[in-house]
Amino acid sequence: MNPFPSLQQAETRIKQLRKEIIYHEKKYYRDNNPQVSDFEFDSLMLELRKIEENFPELLTPESPSQRVGEQPLEGFASIKHSTPMLSLDNCYNSKELKKFEEKTQKSLPSQKIEYVTELKIDGLGISIIYRGGKFTRAVTRGDGIRGDDVTANVKTIKSLPLTIPEKNYTEVRGEIYLPFHSFQKINRTRSKKNEPLFANPRNAAAGSIRLLAPKIVAARGLDVFLYSVYIGEQEQKSQWDNLKKLKALGFKTNPFSSLSSSHEEIMEVYEEWQKSRENFDYDIDGIVIKVNNIEQQKILGHTSKFPRWAISLKFAARQATTKINNIVVQVGRTGALTPVAFLEPVKLSGITISRATLHNEDEIIRKEIRKGDTVLIERSGDVIPKIVSVMKEKRTGQEKVFTFPTLCPVCQTKIFKPKGEAVSRCINPSCPAIMRKSLLHFASRRAMNIEGLGDALVDQLIKKKLVIEIPDLYSLTLKDLDKLERMGRKSSLNLLDEIIKSKNQSLFRVIFALGIRYVGERTARILVSHYKNIKKLIESEPDELLAIKDIGPKVSESIVFFFKQPENIKLIRKLEAAGLNFSSLESSSRENTYLDGKSFVLTGSLSSMTREQAKEKIENLGGIVTSSLSHKTNYLVAGKAPGSKLQKAQKLGTVTLSESKFLDLIREK
Ligand code: IVH
């Protein structure tokens with residue numbers, strides 16, 4: 001029953017609820033100072049959603065219930081910035097900063113100059129526009145002149161107000177970032193799903209802001225600090241006033257900005273944040289020093305790239321010293337042996353580090369790394385940090401020289417190190433370590449897509465000897481799965497279902513799943529379009545492979561090598577016997593050859609489907625979608641507002657398809 005019989009009553013309650021929700025969102029997301037429990041907050045939102053559902057005429061895009069759009073996006077339009085989004089010149093030490101200050105003083109003779117220091121957030125620059133007090137558009141920095149319209153995704157950032165108490169045209173600029181705790185959560189989930197990890201929060205933020213599903217973006221936990229504001233014709237007098245104005249309008253600004261009037265004061269600020277940068281929940285890579293007075297900023301002006309009134313003073317590379325407790329050699333999917341140093345845990349840019357890769361045997365010899373050594377480690381953007389150097393002066397004599405094993409540490413087979421290569425390999429395909437990685441790859445989303453077959457389960461299957469080689473997966477029974485820990489009946493049934501379903505995957509996925517070195521998804525598709533079944537591929541000669549466009553000597557050699565190994569042929573026979581699809585002309589995959597490796601580029605927006613859907617359709621028919629046009633492109637599909645790609649296609653003579661022609665083509669079969 002609807003508790004609000006009249007529109008007016010509903011409107012009054014909606015207004016009240018929105019006000020309360022906006023207040024609590026600000027307190028929670030902007031000020032870090034929640035006033036109510038999550039449950040109370042959720043109840044308010046639920047009530048608002050219910051009334052809006054009953055009175056759709058009262059729904060507005062600025063309602064706090066409307067942060068997350070349900071519809072997937074088609075792509076991102078390119079938008080020109082009102083004024084270029086400049087970058088910052090960098091300096092690295094006190095001397096270089098002094099030079100900047102002297103140059104600035106020279107351009108403003110005998111004027112007193114005050115500076116604002118701000119943290120330099122390592123994220124993505126963003127410009128956000130409000131019209132009539134309403135959140136209207138958000139554009140990435142892009143190349144500084146044009147950026148991508150990411151409005152729907154930025155709208156999901158909960159600390160960002162959807163309305164502001166300023167009716168004039170307002171543009172704010174700032175930095176979108178991903179807090180460390182959200183970054184770690186995303187990577188944990190990706191690791192469970194066997195998906196590639198993001199190297200750092202910045203990459204994860206950049207990847208997230210370009211997702212086509214705002215719902216997924218909302219769950220990523222992005223946040224934003226604003227640092228500049230332009231309101232119609234009015235202007236603040238100083239950067240400090242800008243920050244104050246931003247706060248007054250309801251924006252989140254970074255709380256660690258300060259005013260300095262001498263070089264020494266700035267350096268003190270720098271030292272302080274450099275020392276404590278590990279304590280922030282977000283990545284900072286330096287401080288930004290800005291001339292405070294806007295009149296002075298105008299006199300100083302800017303170059304084509306940087307303002308002359310600001311500079312960033314970068315922190316030194318993130319390094320720490322710690323001890324190597326142990327050195328362990330790990331075996332990867334391709335059998336490559338990688339030595340890994342297990343470290344005394346140490347905090348480095350917000351992340352606790354307990355291992356570092358030592359790459360290979362030669363690296364250990366070159367850097368003279370010993371077990372027990374005190375080492376300098378560095379994170380240069382990657383998840384796995386590296387060892388910069390050994391602090392030999394800290395040696396006590398207890399350190400142990402590490403001898404690289406001659407046998408695989410997991411299966412004890414003699415290891416193989418090809419002449420001239422730095423990497424040693426285990427070449428026993430039934431080595432449990434290789435099996436583990438191969439099985440995870442085989443089951444991964446882009447390969448056989450066996451949902452639920454993640455790390456923990458694979459470990460148990462191997463440990464309990466239920467799966468010794470991949471084909472064993474296809475003879476697993478409910479009784480087998482009952483032996484596993486934390487596997488209820490329902491999960492077991494689901495897993496068996498998924499395994500059976502995977503038998504219908506098309507040939508290119510099966511080939512990709514085999515894990516042939518250098519054969520990714522795209523190469524697998526190309527191979528399928530040339531060899532309609534596995535038999536022909538197995539028999540192919542190197543020259544024949546090399547004649548295929550896009551297959552080079554390294555790939556061809558690796559394919560030939562793979563099929564020369566008798567155990568790989570045995571594996572394929574067993575998978576065939578289990579019922580997997582080894583011919584592209586069979587059952588479900590018949591349609592997969594229709595577009596036969598033809599390559600497509602999509603541009604502009606389509607009205608009957610999203611770009612993602614178009615891509616899927618093309619790929620399901622055996623075609624390939626790439627992002628940039630070249631003479632190898634067979635078709636350009638041009639939707640609405642196609643942009644510069646259309647002209648390029650005309651120059652290259654690429655066949656251009658309108659949306660309806662494209663639909664005809666994919667329906668033709
Ligand atoms: S001011 C014209 N302030 O760093 C003024 N930028 O390396 C330029 N950034 O493109 C920007 N924190 O995306 C400014 N407190 C801060 C910043 C900041 C991070 C980013 C910004 C800029 C990049 C330059």
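Start at 1 and go down the list; that is how both ligands and their atoms are numbered. Because the structure is a prediction, the values reported are computed rather than measured.
The single protein non-hydrogen atom nearest to atom 24 (C) of ligand 1 is Leu88 N, 3.6 Å, given as residue, atom name and distance. For atom 15 (N) of ligand 1, the nearest non-hydrogen atom of the protein is Glu118 OE1, 2.9 Å. In terms of protein heavy-atom proximity, atom 3 (N) of ligand 1 is nearest to Lys290 NZ, 3.0 Å. Annotation: atom 20 (C) of ligand 1 to nearest protein heavy atom, Glu175 OE1, 3.2 Å. The shortest contact between atom 22 (C) of ligand 1 and any protein heavy atom is with Tyr227 OH, 4.3 Å. For atom 8 (C) of ligand 1, the closest heavy atom belonging to the protein is Leu86 O, 3.7 Å. Among all non-hydrogen protein atoms, the one lying nearest atom 19 (C) of ligand 1 is Ile121 O, 3.1 Å.
With hydrogens and angles disregarded, no donor-acceptor distance shorter than 3.5 Å links the side chain of Lys640 to the backbone of Ser607.
Between Phe315 and Trp273, the gap from one ring centroid to the other reaches at least 6.0 Å.
In Asn90, neither the side chain nor the backbone holds a heavy atom less than 4.0 Å from any atom of ligand 1. With a heavy-atom cut-off of 4.0 Å, Arg141 touches ligand 1 through its side chain alone.
Near Gly125, the atoms of ligand 1 lying under 4.0 angstrom from a non-hydrogen atom of the residue are 13 (O). Atoms of ligand 1 found under 4.0 Å from any heavy atom of Pro307 (numbered from 1 in listed order, with element): 2 (C). Listed by number with element, the atoms of ligand 1 under 4.0 angstrom from any heavy atom of Val288 are 3 (N), 15 (N), 16 (C), 17 (C).
The heavy atom nearest to atom 23 (C) of ligand 1, out of those in Gln239, Lys120, Arg173, is found in Lys120.
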Next on the checklist: Would Glu52 and Ser65 count as a side-chain hydrogen bond (donor to acceptor under 3.5 Å, both in side chains) here? Give the steps.
Outcome noted: CA-CA 9 Å; Glu52 285 175 342; Ser65 66; 2.5 Å; yes

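Under a 4.0 Å heavy-atom criterion, Ala310 is not in contact with ligand 1. In this structure, Asn254 has no heavy atom closer than 4.0 Å to ligand 1.
Summarising the geometry, atom CG belonging to Leu162 is positioned 9.5 Å from atom CD belonging to Gln66; distances are rounded to the nearest 0.5 Å. Annotation: the span from Gln236 atom CD to Ile294 atom CD1 amounts to 7.5 Å, rounded to 0.5 Å. Interatomic distance, OG1 of Thr322 versus CZ of Phe342, reported as 13.5 Å (0.5 Å rounding).
Contact between Thr633 and Phe600 at its shortest, heavy atoms only, is CG2-C, 4.4 Å.
For Lys323, the NZ atom is loosely surrounded, since the number of other residues' heavy atoms within 6.0 Å does not exceed 12. Remark: Arg131 CZ is loosely packed, at most 12 non-hydrogen atoms of other residues, nucleotides or ligands lying under 6.0 Å away.
When side chains are defined from C-beta on, Phe100 counts as touching Leu97, because their heavy atoms get closer than 4.5 Å.
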